[in-house]
Amino acid sequence: MRIASWNVNSIRQRETHVARWLERVQPDILFLQELKCEAPVFPAATFKALGYEAAVVGQKAYNGVAALARVPFTAVHTKLPGLPEDDAQARYIEVTIGGITMIGIYLPNGNSGGEAGYAYKLAWMEHLRARAKALQDADTPFLIAGDFNVCPTDVDFAPGAISPTDALVRPATRAQFRALLWLGLTDAVRALHPTGPVFTFWDYQAGAWPRDLGLRIDHVLLSPTLAERLVAAGPDREERGREQPSDHVPVVVEIRD
DNA sequence: ATGACTGAGCATCTCAGA
């Protein structure tokens, strides 16, 4: 089984990129982030023509997540359990496919809105940890894929690519990410690439891509029984070199059937 | 020393991204 995640930075700007990528890579399921549109204008027909059904959690202009899969499925949650009822940010989708619970996330960046904005990020991470713990306690095989907006360690950003005070690297951000891992989850990409940079994002500015000044912020975390079946994991750097690319590349994980 | 990006939207500027 091939599972992928991709922050596309506007699905309407990246519709062709995603369609061609699906044809080339043939994932069983693809989680998308930063759709930047409401569900009715998501280009579902384009992906349906390629054999992919879509579940979309949209929002005007900001955020937005979706799942595309070749096997019929339904979204069981479209909001992160535990968040206030009036939270309108489209950042979470949870589906079940083949007995596995799969969660796609667009975790808050945390650099806007001052300390309140950062507190929202930490609260979001704590609710995500609680959701993961509930699945773990129920012995449910599950994975969490998406844009975590977390550089877990100093190896996960190029020197100079980010400020030391950025919300992606703040100590509390990393502590909350480790709390997730301590549930027994495996960072799929890092498990198979134990050392060195494995970037998934390069800023549009200052020649970050040609200078390879990237970040590793898109992750796939696996519950224990899925981790035992892990055979491959990594970013698809090829996509960053295309015309008008997203600033993120897809991350692809292979799980033995 | 200078310039250095992308996308959406009540749009020729602001907000957000990271």
Side-chain angles (χ1 to χ4, degrees), chain A residues 5-18 21 31-43 56-66 87-92 104-125 128 145-177 189 197-219 235 237 239-251:
Chain A
S5 170
W6 195 1
N7 178 324
V8 291
N9 187 20
S10 170
I11 189 59
R12 286 178 291 176
Q13 292 297 322
R14 235 62 70 189
E15 177 180 347
T16 305
H17 298 71
V18 173
W21 189 82
F31 288 98
L32 298 171
Q33 301 91 37
E34 278 212 87
L35 305 179
K36 294 189 171 179
C37 69
E38 293 178 304
V41 292
F42 180 88
V56 180
V57 184
Q59 180 184 335
K60 188 183 279 191
Y62 300 112
N63 309 318
V65 293
D87 188 309
Q89 299 195 28
R91 296 181 175 277
Y92 186 91
I105 64 164
Y106 177 45
L107 209 148
N109 174 297
N111 282 309
S112 64
E115 280 308 299
Y118 184 63
Y120 178 73
K121 175 177 194 162
L122 292 183
W124 210 99
M125 294 183 83
L128 180 65
D147 178 356
F148 282 68
N149 272 316
V150 176
C151 280
T153 75
D154 286 353
V155 183
D156 296 314
F157 65 88
I162 200 170
S163 150
T165 60
D166 194 284
L168 278 60
V169 299
R170 277 172 71 162
T173 303
R174 287 173 161 178
Q176 193 65 51
F177 185 79
V189 170
V198 197
F199 301 141
T200 66
F201 165 93
W202 295 260
D203 200 284
Y204 290 120
Q205 301 190 58
W209 168 243
R211 298 161 68 198
D212 197 21
L213 299 182
L215 314 174
R216 189 175 79 94
I217 53 177
D218 301 273
H219 310 297
R237 290 175 61 107
E239 285 300 318
R240 190 61 179 79
R242 299 209 186 285
E243 290 290 307
Q244 298 190 289
S246 170
D247 39 7
H248 297 249
V249 296
V251 174

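Chain identifiers are assigned alphabetically (A, B, ...) following the order of the sequence lines, protein sequences preceding nucleic acid strands; residue numbering begins at 1 within each chain.
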Margin query: Between B:dA16 and B:dC10, how many Å separate the two P atoms, rounded to a whole number?
Written below: 15 Å
Check: Tell me, which of residues 156-175 of chain A have any heavy atom that sits under 4.0 Å from an atom in DNA chain B?
Finding: A:Leu168
Notebook entry, point to check: Looking for any heavy atom pair under 4.0 Å, which part of the strands does A:Tyr106 touch: base, sugar-phosphate only, or nothing?
Noted result: sugar-phosphate
Next item on the list: Would you mind classifying the nucleic acid contact of A:Arg211 as base, sugar-phosphate or nothing, using non-hydrogen atoms under 4.0 angstrom?
Entry: nothing
Next item on the list: Between B:dT12 and B:dG7, how far apart are the C1' atoms? Round to whole Å, please.
Entry: 16 Å
Check: Mapping A:Asn7 and A:Cys37 onto DNA chain B by nearest heavy atom, which one lands closer to the 5' end?
Finding: A:Cys37
Check: When you compare B:dT6 with B:dA18, how far apart are their P atoms, in angstrom units rounded to a whole number?
Finding: 15 Å
Notebook entry, point to check: Which value, in whole Å, describes the distance between the C1' atoms of nucleotides B:dG3 and B:dG9?
Noted result: 27 Å
Next item on the list: For A:Asp218, answer base if it contacts any base atom (sugar-phosphate contacts may also be present), sugar-phosphate if it contacts only those atoms, and nothing otherwise; contact means non-hydrogen atoms under 4.0 Å.
Entry: nothing
Check: Step by step, would you call A:Tyr92 with A:Ile105 a side-chain contact (heavy atoms from CB on, under 4.5 Å)?
Finding: CA-CA 5 Å; A:Tyr92 186 91; A:Ile105 64 164; 3.9 Å; yes
Item checked: Nearest heavy-atom neighbours spanning A:Met125 and A:Leu107 -> CG-CD2, 3.6 Å
Check: Are side-chain heavy atoms of A:His17 and A:Val8 found at a separation under 4.5 Å?
Finding: no
Next item on the list: With A:His248 as reference, evaluate A:Tyr204, A:Phe201, A:Trp209 under the ring pair (Phe, Tyr, Trp, His ring centres under 6.0 Å) test and give the passing residue.
Entry: A:Phe201
Notebook entry, point to check: Reckon A:Asn63 touches a base, only the sugar-phosphate, or nothing at all at heavy-atom distances under 4.0 Å?
Noted result: nothing
Next item on the list: Evaluate side-chain contact (heavy atoms from CB on, under 4.5 Å) for A:Arg242 paired with A:Trp21, printing each intermediate quantity in order.
Entry: CA-CA 11 Å; A:Arg242 299 209 186 285; A:Trp21 189 82; over 6 Å; no
Next item on the list: Using a 4.5 Å cut-off on heavy atoms from C-beta on, say whether the side chain of A:Tyr120 contacts that of A:Gln89.
Entry: yes
Item checked: Positional range of nucleotides in DNA chain B within the contact set of chain A, heavy-atom, under 4.0 Å -> B:dC5 to B:dA18
Check: For A:Arg174, what residues pass the side chain to side chain contact (heavy atoms under 4.5 Å, CB included) criterion, not counting sequence neighbours?
Finding: A:Cys151, A:Asp154, A:Phe157, A:Val169, A:Arg178
Next item on the list: Please lay out, stage by stage, how A:Glu239 and A:Val18 fare under the test side-chain contact (heavy atoms from CB on, under 4.5 Å).
Entry: CA-CA 10 Å; A:Glu239 285 300 318; A:Val18 173; over 6 Å; no
Notebook entry, point to check: When all nucleic acid strands are considered with a 4.0 Å heavy-atom cut-off, which category describes A:Asp247: base, sugar-phosphate, or nothing?
Noted result: nothing
Item checked: Along DNA chain B (nearest heavy atom to each residue), the more 5'-positioned of A:Asp203 and A:Leu35 -> A:Leu35
Check: Roughly how far apart, to the nearest Å, are B:dA11 and B:dC15 at atom C1'?
Finding: 12 Å
Next item on the list: Check whether the side chains of A:Lys36 and A:Asn9 place a donor and an acceptor atom closer than 3.5 Å, and report yes or no.
Entry: yes
Check: How would you label the contact of A:Gln244 with the nucleic acid (heavy atoms, under 4.0 Å): base, sugar-phosphate, or nothing?
Finding: nothing
